[in-house]
Amino acid sequence: KNQVEQSPQSLIILEGKNCTLQCNYTVSPFSNLRWYKQDTGRGPVSLTIMTFSENTKSNGRYTATLDADTKQSSLHITASQLSDSASYICVVSASGGYNKLIFGAGTRLAVHP
Amino acid sequence: DARVTQTPRHKVTEMGQEVTMRCQPILGHNTVFWYRQTMMQGLELLAYFRNRAPLDDSGMPKDRFSAEMPDATLATLKIQPSEPRDSAVYFCASGLVLDGQPMGLDTEAFFGQGTRLTVV
């Protein structure tokens, strides 16, 4: 069964600190992996997208890594800001026939001053 | 500014009533998703359309939910009759996917702001 699991479920950090969020997946055949940020009351917004051949992708203070062999991804946030408080959702796209996005449950991040 | 538009943003209704949620995908996009998000389940795929044709609606309770695309600029999700357990945020997303191709680097799923449904 295609699944995406994220950890931790929630995280609290102080402003200015770094943090790393984890994503493990069992989606096959794999097409790509995305990280979305979802602010409270808003729809998800894409941060990064990586295909099988890519193992790192940055978007400002966000850096995503992908290990397609172990089927793991991480999202590293550097020098966190209060505006980083949100849910971060790992999404894996399966290929073959038609495709769909498989969502993880998300990590809820709270950045405190 | 191209964006996915969903209406209404909020809906409170009594159990048993019909609910219709609307989505205007980004002009030119050929793929529309309907998702439901709850605190317990996260995001769940309800239905998926390509070129207005339903490709996957296995996530929808068939007895009460229905999804349609009357035209390329409008997608609807109906619940009849609604139940308290349907309370959730319903998201519509759209993207442009080439026939036979997976959603890749040149495609993106853009989400609307969601419709927050409360059934009392």
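Naming convention: chains lettered A, B, ... in sequence-line order (proteins, then strands); numbering from 1 in each chain. In what follows, every heavy atom counts, from backbone to side chain, and hydrogens, waters and symmetry copies are set aside.
The candidate with the highest count of non-hydrogen atom pairs below 4.5 Å against chain B, out of A:Gly43, A:Ala105, A:Ser87, A:Pro44, is A:Pro44.
Between B:Ala75 and B:Val32, the shortest heavy-atom contact is CB-CG1, 4.0 Å.
For B:Phe49 and B:Phe33, the distance between ring centers is not under 6.0 angstrom.
A:Ile89 touches chain B through its side chain: at least one heavy atom from C-beta onward sits under 4.5 Å away, while N, CA, C and O do not. Residue contact with chain A, scored on non-hydrogen atoms closer than 4.5 Å, involves the side chain of B:Leu45 exclusively. Within the 4.5 angstrom heavy-atom criterion, only side-chain atoms of B:Gln37, from C-beta onward, approach chain A.
For the residue pair B:Arg50 and B:Thr31, a side-chain donor N or O sits within less than 3.5 Å of a side-chain acceptor on the partner. Counting only N and O atoms by type, the side chains of B:Thr13 and B:Ser82 include no donor and acceptor under 3.5 Å apart.
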